[in-house]
Amino acid sequence: MNFKVPRGTQDILPDVSWKWQRVENIIQSVCDVYNYKEIRTPIFEQTELFQRTVGDTTDIVQKEMYTFTDKGNRSMTLRPEGTAAVVRSFVENKMFGYADQPVKLFYTGPMFRYERQQAGRYRQFVQFGVEAIGSDDPAIDAEVIELAMTVYKRAGLSDIKLVLNSLGDKESRNSHREALIAHFTPHIGEFCQDCQNRLEKNPLRILDCKVDREHPLMETAPSLADYLNESSSAYFEKVKQYLDIAGIEYEYDPNLVRGLDYYNHTAFEIMSTSKGFGAITTLCGGGRYNGLAEEIGGPPAPGIGFAMSIERLLLALEAEEKSWTDEPSLDVYLVTLGDAARTKGFELIGKLRENGLRSEMDYMDRKMKAQMKSADRLHANYVIVIGEDEVNENTVQLKNMADGQQKKVSMDDLLEELKK
Ligand code: HAM
């Protein structure tokens with residue numbers, strides 16, 4: 001039997017997992033600086049949660065969910081995104097009652113979408129996301145966007161751009177919706193079945209249909225920009241002002257509609273502009289979702305957030321040919337020659353590790369040369385050599401790998417010497 005990793009998923013192997021850890025460290029330290037606290041929610045939720053929030057006319061809900069019936073005959077779904085669960089938890093745990101509002105949360109974890117596999121698109125991928133729930137101050141929109149940009153910059157990306165739009169409030173959305181229906185109705189027969197079904201239910205979804213992308217009516221479709229009411233425009237202006245203050249450049253794109261139903265007002269994506277990046281250029285997407293908490297039975301709690309996949313962040317770094325130079329290293333590699341030396345070495349390495357020194361030794365009974373090669377490959381800063389003579393003298397040979405200097409040190413003084 002020949003088992004393979006499921007299509008659209010990947011193993012993160014040890015020569016790459018350290019890069020994931022670096023990104024996770026950056027995420028944690030940036031969230032710390034911006035005062036976002038971590039939340040962990042289950043990998044699966046009731047299917048209905050996603051139907052109601054992400055929206056039952058979206059591609060995610062219609063085509064991409066991993067849905068199953070559990071042994072209690074309940075319909076469950078592996079989470080395709082994080083916002084629905086975080087808002088569910090906000091409502092369920094009455095976080096609207098917390099003294100400090102908005103409640104600022106972040107999460108990192110696997111999401112699942114049954115999508116066609118291609119570069120940068122997986123069926124299991126890891127999203128880092130933040131949600132700030134409880135405030136409709138446009139400054140928090142700018143804060144959330146700035147946080148995302150900061151993570152990319154700290155990771156070393158420079159070829160990125162922010163694309164921004166406003167979807168407006170309910171009133172603006174409704175008048176735009178009427179205009180879309182009037183625009184598409186005369187020719188709806190030329191569109192795919194999904195779009196035909198979407199016409200009355202949610203015509204905005206037609207605009208991000210992957211099948212009918214090239215239809216001429218897409219180009220001439222009424223733009224949201226022309227339907228924003230005064231207060232929506234004023235809100236959008238404020239968000240842009242705050243972005244200017246933060247020194248963040250953006251490109252306005254009135255056609256940016258996002259693929260999930262819960263958005264209103266601010267919508268944004270961050271794209272890679274690197275030539276080496278594949279067809280899918282979106283690294284991060286987010287926006288405002290006033291009304292979502294009420295949709296799932298909570299009190300009014302306006303929110304904004306984003307999510308980015310770590311896979312795409314790493315691909316973007318590769319596309320920019322940026323690699324971190326600080327590969328994982330060791331403090332000490334212990335070369336032992338012979339049985340007595342290995343016994344002594346085993347005792348010694350325990351002490352080194354107890355003192356927090358990242359240490360490794362040979363367990364394959366290899367010759368000196370092979371052990372030295374390992375020390376090199378593992379980027380050891382020091383090599384300690386113990387042979388028969390050293391065991392008898394209670395000493396070691398200590399080699400500084402940076403300058404090649406080697407000296408004899410008593411085992412009793414070794415820790416002091418290394419700490420120097
Ligand atoms: P989304 O645009 O569906 O939004 O996904 C956000 C990000 O997740 C994408 O920009 C991309 O980086 C990553 N992503 C999505 N699908 C895949 C895939 N198949 N393979 C790899 N990466 C993928 C959301 O999920 C919203 N919950 C974001 C949000 C949070 N809005 C407000 N708060």
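Predicted, not measured: the structure shown is a model, and the values here were computed from it. Ligands are counted one by one from 1 in listed order, and the atoms in each one are counted from 1 as well. Atom set for the values below is all heavy atoms of this structure, side chains included, hydrogens, waters and symmetry mates excluded.
Protein heavy atom nearest atom 30 (C) of ligand 1, with residue, atom name and distance: T83 OG1, 2.9 Å. Counting only heavy atoms of the protein, atom 13 (C) of ligand 1 lies nearest to S309 CB, 3.6 Å. Given atom 9 (C) of ligand 1, the protein heavy atom at minimum distance is R312 NH1, 4.0 Å. Protein heavy atom nearest atom 14 (N) of ligand 1, with residue, atom name and distance: F125 CE1, 3.5 Å. At the top of the distance list for atom 20 (N) of ligand 1, counting protein heavy atoms only, stands Y122 N, 3.0 Å.
For ligand 1, one of its N or O atoms has an N or O atom of L283 under 3.5 Å away. Looking at ligand 1, you won't find any N or O of Y289 less than 3.5 Å from one of its N or O atoms.
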For residues 241-249, dump all side-chain donor-acceptor pairs below 3.5 Å to protein atoms at least two apart in sequence or in another chain.
none

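Salt bridge present: E347 and K351 bring a charged side-chain N and a carboxylate O closer than 4.0 Å. Note on R353 versus E360: salt bridge recorded, some NZ/NE/NH1/NH2 to OD/OE distance being below 4.0 Å.
Only side-chain heavy atoms of L260 come within less than 4.0 Å of ligand 1; its backbone N, CA, C and O stay farther off. Residue M111 does not touch ligand 1, judged by heavy-atom distances below 4.0 Å. When non-hydrogen atoms are compared, ligand 1 lies under 4.0 Å from the side chain of R258 (C-beta onward) but not from its backbone. Contacts with ligand 1 closer than 4.0 Å are made by backbone heavy atoms (N, CA, C, O) of C284 only, the side chain lying farther away. In Y262, the part holding a heavy atom less than 4.0 Å from any atom of ligand 1 is the side chain.
Heavy-atom proximity to atom 21 (C) of ligand 1, evaluated over A132, G120, A307, is greatest for G120. For atom 25 (O) of ligand 1, the choice among E131, R121, E115, Q127 with the nearest heavy atom turns out to be Q127.
Between F44 and F68, the ring-plane angle classifies as perpendicular under the 30° and 60° cut-offs. Using cut-offs of 30° and 60° for the angle between ring planes, the F236 and Y252 rings count as tilted.
Side-chain atoms of D11 never come within 3.5 Å of backbone atoms of L13 as a donor-acceptor pair (strictly under, hydrogens ignored). Side-chain N or O atoms of R288 include none that pairs as donor or acceptor with a backbone N or O of T266 at under 3.5 Å.
Which parts of ligand 1 touch Y263 is read off a 4.0 Å heavy-atom cut-off, strictly below it: atoms 26 (C), 28 (C), 29 (C), 31 (N), 32 (C). The distance from ligand 1 to the heavy atoms of E81 drops below 4.0 Å at these ligand atoms: 25 (O), 26 (C), 27 (N). In the vicinity of T282, heavy-atom distances shorter than 4.0 Å reach the ligand 1 atoms 10 (O). Heavy-atom contacts of G285 reach the following atoms of ligand 1: 10 (O), 28 (C), 29 (C) (cutoff under 4.0 Å).
Exactly one of D261, D194, D59 qualifies for a salt bridge (Lys or Arg N to Asp or Glu O under 4.0 Å) with R205. That residue is D261.
Here the closest heavy-atom approach between residue P203 and residue I181 is recorded as CG-CG1, 3.8 Å.
Residues passing the side chain to side chain donor-acceptor pair (under 3.5 Å) test with E237 are K240, sequence neighbours excluded.
Taking 4.5 Å as the limit, every side-chain heavy atom of K170 sits out of range of all side-chain heavy atoms of N264.
Less than 6.0 angstrom separates the ring centroid of F306 from the ring centroid of F128.
For the pair G286 and ligand 1, a heavy-atom separation below 4.0 Å is found.
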